[in-house]
Number of protein chains: 2
Amino acid sequence: MDIELDRGSPVPLYFQVARQIEQAIERGELVPGSRLENEIELADRLGLSRPTMRRAIQELVSKGLLVRRRGIGTQVVHGQVKRRVELTSLHDDLTRGNQHPTTRVLEHETRPASDDIAVHLGVQPGAPVVRLVRIRYAQDEPLAILRNWLPASLASFTTAELEERGLYALLRSTGVHIRIASQRIGARTASGEEAHQLGIKRGAAVLTMERTAYGESGSAVEFGAHIYRSDNYSFEITLVERS
Amino acid sequence: MDIELDRGSPVPLYFQVARQIEQAIERGELVPGSRLENEIELADRLGLSRPTMRRAIQELVSKGLLVRRRGIGTQVVHGQVKRRVELTSLHDDLTRGNQHPTTRVLEHETRPASDDIAVHLGVQPGAPVVRLVRIRYAQDEPLAILRNWLPASLASFTTAELEERGLYALLRSTGVHIRIASQRIGARTASGEEAHQLGIKRGAAVLTMERTAYGESGSAVEFGAHIYRSDNYSFEITLVERS
DNA sequence: CAGTGGTCTAGACCACTGA
DNA sequence: CAGTGGTCTAGACCACTGG
């Protein structure tokens, strides 16, 4: 395995190393179960300090690609490399998967926060919030009903923009960056209206997801209560033991 | 905020610090939005090096409790502290929540691996695997149907032990430690038999979860295909932006 | 025993933020 | 500008694993 470093690049060294080891795994150069060189050798060979090399490896351990054991070494995990659910929006995910997402905006209006929404967003009840209801399509098939609430001060976009781009992308372009999200995933049967909007039968099972997203200062940016068709959507998650 | 360190303890210093900051947040001494001292001061005050102090803070950032910004500082995240879904078993979760889990074992037998299961476990088709079917109750209410497959060499427990303890606890006590798990969460409607076993109506929505768990050497330890009642179970997840 | 990763130190320089 | 976190170095000692 050869790794090339660009010390002039703004990309941190540990990240360059992690990325290239990850690619070696993806390309099959590092096969599942095989052992990496020990971190001291690797660090020496690349002209890095040991802490920097450790950090690169740690990146991949916490992604679930590598496993380390004291006294043994570092090994590549068996099993196909599944990508962890990152903190991304549905729109981004679909775009990346060439699913051609489109959006229809059903509601887009400012109203006073109900008690429930105020709690989720950490604002005063009655404070102005923007309520959005959208239907998201993938390859012209309805996939999800998206209901969102945001503090009105953050929702400086037009309905037309919402039809074009994802909510998170719009927030990013106005300087709002989402750092943490806490979600709850459940299931229930679809109501008649929901079934109609999603193009499924009344009583079909749907996935539900409630999410509160927090921005750079740790305050709530968005609360969402979404419904997904269960016949063409599921959530994938990778859990790694916190060492 | 005062933090006490025990340098004689086998518990790492960064962990002692992280735990005590976390407790200060839980107790409300550090309120949401408030800023921590900068890491250099904290390190000096506690007699630690800066990297060690950074690591303690980083623990809490990746748990979603703190947010850091260059040039600004470190702040406590708004919103109630929700515990992240850790890599634990359902049995452990229920025990921790005083839900008094009990288990009924419906099947417990060794058979050759089907092609499908062989792929999930990374073993040869036809290799001996143990198949388990259990119903998990919480406070005497059925909660989930648990179907699991394990390489036969790892399943050295009795049916009676399975009725008493969770699968992960049994594996731990035989020296098998789970490090990584990859799950997929979906929904569908319950079949007649499933509905009967779970005490719900036929056609009710259920949550489905498929999971492959990997052990210390990175090889598959267990594959599970579980069904949860959606009226009393949901999955909670906290996502943190990978910096 | 030799080899591995886990923890910790004491510094250094840089990039970004806000006043 | 001063203050913050982000990255990186060059060591040190320890704990655990296997033969």
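Below, read A as the first sequence line, B as the second, and so on, with proteins coming before strands; counting in each chain starts at 1.
Between the CG atom of L48(B) and the P atom of dT7(C) there is a distance of 14 Å, given to the nearest Å. Between the CG atom of L36(A) and the P atom of dG3(C) there is a distance of 18 Å, rounded to whole Å. Put simply, CE on M53(B) is 12 Å from P on dC8(C), counting in whole angstrom units. When the C1' atom of dG3(D) is taken as reference, atom CD of E37(B) falls 14 Å away, rounded to whole Å. Nucleotide dC14(D) holds its P atom 14 Å from the CZ atom of R7(B), rounded to whole Å. Atom OH of Y14(B) and atom C1' of dT9(C) are 16 Å apart (whole Å). When rounded to the nearest whole Å, the span between CD of E39(A) and P of dT7(C) equals 11 Å. Between the CG atom of L66(A) and the C1' atom of dG5(C) there is a distance of 13 Å, given to the nearest Å.
DNA chain C is contacted by R70(B), G71(B), I72(B) of residues 68-77 of chain B, taking any non-hydrogen atom closer than 4.0 Å.
Between T52(A) and dT7(D) there is no side-chain polar atom (N or O) within less than 4.0 angstrom of OP1 or OP2. The phosphate of dG11(D) has neither OP1 nor OP2 within less than 4.0 Å of any side-chain N or O from S49(A).
The environment of CZ in R131(A) is crowded: more than 12 heavy-atom neighbours from other residues, nucleotides or ligands sit within 6.0 Å.
E41(B) places no side-chain N or O within 3.5 Å of a backbone atom of N38(B) that could act as its donor or acceptor partner. With hydrogens and angles disregarded, no donor-acceptor distance shorter than 3.5 Å links the side chain of E59(B) to the backbone of Y14(B). Listed for the H108(A) side chain is no donor-acceptor partner under 3.5 Å among the backbone atoms of L132(A). Between the side chain of E163(A) and the backbone N or O of V105(A) there is at least one donor-acceptor pair closer than 3.5 Å. With H226(B) contributing its side chain and L146(B) its backbone, the two residues share no donor-acceptor pair below 3.5 Å.
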Can you run through DNA chain C from 5' to 3' and write each base as (, ), [, ], | or . depending on how it pairs? Watson-Crick or G-U wobble, both distances under 3.5 Å. ||||||||||||||||||.
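Using a 3.5 Å distance cut-off with no hydrogens or angles, the side chains of E222(A) and Y168(A) do pair a donor with an acceptor. Side-chain polar atoms of S234(B) and R184(A) form a donor-acceptor pair below 3.5 angstrom.
Looking at heavy-atom distances under 4.0 Å, P10(B) makes no contact with the nucleic acid at all. Residue-level contact check: L13(A) touches the backbone only, with heavy atoms under 4.0 Å from sugar-phosphate atoms and none from bases.
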Would you sort out whether I25(B) and L66(B) count as a side chain to side chain contact (heavy atoms under 4.5 Å, CB included), showing the intermediate values? CA-CA 10 Å; I25(B) 294 173; L66(B) 298 177; 3.9 Å; yes
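When distances run from any side-chain atom of R54(A) to the nucleotides dC8(C), dT7(D), dG6(C), the shortest one goes to dG6(C). The side chain of P12(A) lies closest to dT7(D) when the candidates are dT7(D), dA10(C), dG5(D).
A side chain to side chain donor-acceptor pair (under 3.5 Å) with T103(A) holds for exactly one of R134(A), H91(A), R136(A); it is R136(A).
Remark: the R50(B) side chain and the dG6(D) base include a donor-acceptor N/O pair separated by less than 3.5 Å.
Comparing G47(A) and N38(B), the nucleotide of DNA chain D nearest to each residue sits closer to the 5' end for N38(B).
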